[in-house]
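Only one structure is covered here, and it is reproduced in the block below.
Counting starts at 1 for both ligands and their atoms, in listed order.
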Amino acid sequence: MNDPLKDSFGRVAKKLRISVTDRCNMRCVYCMPDNNTEWLSQKNLLSYEQMIQIVKVFTLFGIEKLKITGGEPLIRKDIETLVKGLSNIDHIRSLSMTTNGLLLKDKITSLKNSGLNSINISLDTFDRTRFKKISGVDGVSTVREAIMAAIKEKIVVKINTVIMRGWNDDEILDFVKFSRDTGCPVKFIEFMPLDGTGIWSKDLVVSKKEMMDKISKEFGRLFDLKNDAADPARLYTFKDCIGVIGFIPSITEPFCQSCDRIRVTADGKLYGCLFDNRNHDLKCLLDNSKSDNEIYEYIQKCIRQKPEGIVRIIRNQSLVPNMNDMYSIGG
Ligand code: SAM
Ligand code: SF4
């Protein structure tokens with residue numbers, strides 16, 4: 001291994017998220033603009049070969065954990081081919097995917113057989129009408145069936161739930177029960193201003209503290225599972241150790257000082273931070289047949305410029321809706 005990928009704040013990147021498309025078969029209100037999205041054209045997308053080449057270069061910096069995301073990753077053709085290619089890379093210890101689950105049920109076996117280790121499935125409500133209101137699709141039973149299929153397949157399954165005040169915060173306890181019934185960890189994510197719709201406001205954010213208070217009132221004291229300090233999800237269980245819940249408190253308890261993530265978009269742009277508007281073009285290097293060594297040096301230079309993160313924006317009181325597009329950077 002060569003030098004680790006260190007930024008100017010001394011943080012070392014250890015996890016890479018690679019988005020395979022900006023397109024999606026849902027229109028979640030907290031993410032995707034509901035009209036006129038201009039998608040990346042096919043010719044601007046990284047090919048699977050290019051993604052594999054980039055990931056191989058990242059492993060030279062000690063990156064071992066990889067997440068495939070989007071847009072909706074399962075709408076990209078032959079995604080299993082990519083999963084297989086990535087899982088065969090030496091040094092990749094963990095390969096996961098985040099999906100909305102709509103197309104998952106029929107693909108879960110082939111994804112697992114191709115080398116996928118774990119899957120995060122997004123689900124924000126158990127209610128059919130509400131699901132449609134949040135995502136634009138009448139899909140709650142399809143997603144629930146996919147979750148059950150994934151559990152049956154014995155792949156690691158985690159649920160991502162974005163909580164928004166007045167939209168689904170009355171279902172927090174139902175999600176806790178779901179975790180206790182199924183054994184799937186549920187991660188509650190604070191609503192971030194990465195919404196294509198521009199609806200974000202502080203009033204819609206339900207804090208980790210508020211959620212924890214509500215949960216412990218009903219289920220008793222929560223026990224910290226003492227997970228990886230760099231993992232933004234703080235995980236907890238209950239007195240009887242049944243069920244696991246986590247929180248991603250990006251707004252009320254930002255974790256930028258321990259951030260170990262970097263992101264590459266479907267068109268090969270490298271982002272150091274979800275809240276950074278600058279990016280660095282890796283596709284251009286690949287299209288011009290630059291060597292792995294040249295790409296390596298470029299990545300190192302870019303990561304040094306990783307900004308402090310959302311903490312600085314909060315400090316400056318400059319949080320506003322739609323600061324960046326989650327669907328194109330990848331969550
Ligand atoms: N389409 C896939 C999905 O929904 O799981 C993968 C991409 S999505 C951008 C990745 C994750 O980001 C999802 O769990 C989604 O709920 C979350 N997300 C999207 N917009 C968000 C926002 N504004 N605030 C917090 N989380 C958000
Ligand atoms: Fe699509 Fe995922 Fe964004 Fe929802 S959160 S619109 S499923 S990319």
Identity and distance of the protein heavy atom lying nearest [atom]:
atom                    : value
atom 26 (N) of ligand 1 : V162 CG2, 3.5 Å
atom 3 (Fe) of ligand 2 : C31 SG, 2.4 Å
atom 27 (C) of ligand 1 : M326 CE, 3.5 Å
atom 15 (C) of ligand 1 : Y30 CE1, 4.0 Å
atom 6 (S) of ligand 2  : C28 N, 3.3 Å
atom 24 (N) of ligand 1 : M192 N, 3.0 Å
atom 3 (C) of ligand 1  : S122 OG, 3.4 Å

For M32, take its heavy atoms, then give the atoms of ligand 2 lying under 4.0 Å from any of them. 6 (S)

Distance under 4.0 Å to a non-hydrogen atom of N100: what atoms of ligand 2 satisfy this?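 Counting atoms of ligand 2 from 1, those under 4.0 Å from N100 are 7 (S).
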
Looking at ligand 2, is there an atom of it that comes within less than 4.0 Å of some heavy atom belonging to G71? yes

Report, in ascending order of atom number, the atoms of ligand 1 lying under 4.0 Å from any heavy atom of [X].
X    : value
E72  : 1 (N), 2 (C)
G70  : 7 (C), 9 (C)
F191 : 23 (N), 24 (N)
N160 : 14 (O)
I189 : 25 (C), 26 (N)

Ligand 2 versus C24: contacting region, heavy-atom distance under 4.0 Å: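 The part of C24 near ligand 2 is the side chain, not the backbone.
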
Any carboxylate oxygen within less than 4.0 angstrom of a Lys/Arg side-chain nitrogen, looking at [X] and [Y]?
X    : Y    : value
D260 : K15  : yes
K177 : D181 : no
R278 : D276 : yes
R128 : D138 : yes
K209 : D213 : yes
R180 : D240 : yes
R315 : E308 : yes
R130 : D170 : yes

Select one of side chain, backbone, both or neither to describe which atoms of D124 lie under 4.0 Å from any atom of ligand 1, heavy atoms only.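 For D124, there is no contact with ligand 1 at all, from either part.
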
Side chain, backbone, both or neither: the part of T69 lying under 4.0 Å from ligand 1 by heavy atom: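 Side chain only.
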
Report yes or no: does a heavy atom of M26 sit under 4.0 Å from some atom of ligand 1?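 The answer is no, since M26 has no heavy atom less than 4.0 Å from ligand 1.
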
Do [X] and ligand 1 have an N or O pair less than 3.5 Å apart?
X    : answer
T99  : yes
C31  : no
Y327 : no
D195 : no
G71  : yes

Is it true that the side chains of [X] and [Y] contain a donor and an acceptor less than 3.5 Å apart?
X    : Y    : answer
T99  : E72  : yes
T265 : D267 : yes
E64  : T59  : no

Considering residues, nucleotides and ligands other than K112, do more than 12 of their heavy atoms fall under 6.0 Å from its NZ? yes

Give a yes or no on this: more than 12 heavy atoms of other residues, nucleotides or ligands lie within 6.0 Å of atom NZ of K214.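 Enclosed: over 12 neighbouring heavy atoms sit under 6.0 Å from NZ of K214.
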
Classify the angle between the aromatic ring planes of F61 and F58 as parallel (below 30°), tilted (30 to 60°) or perpendicular (above 60°). tilted

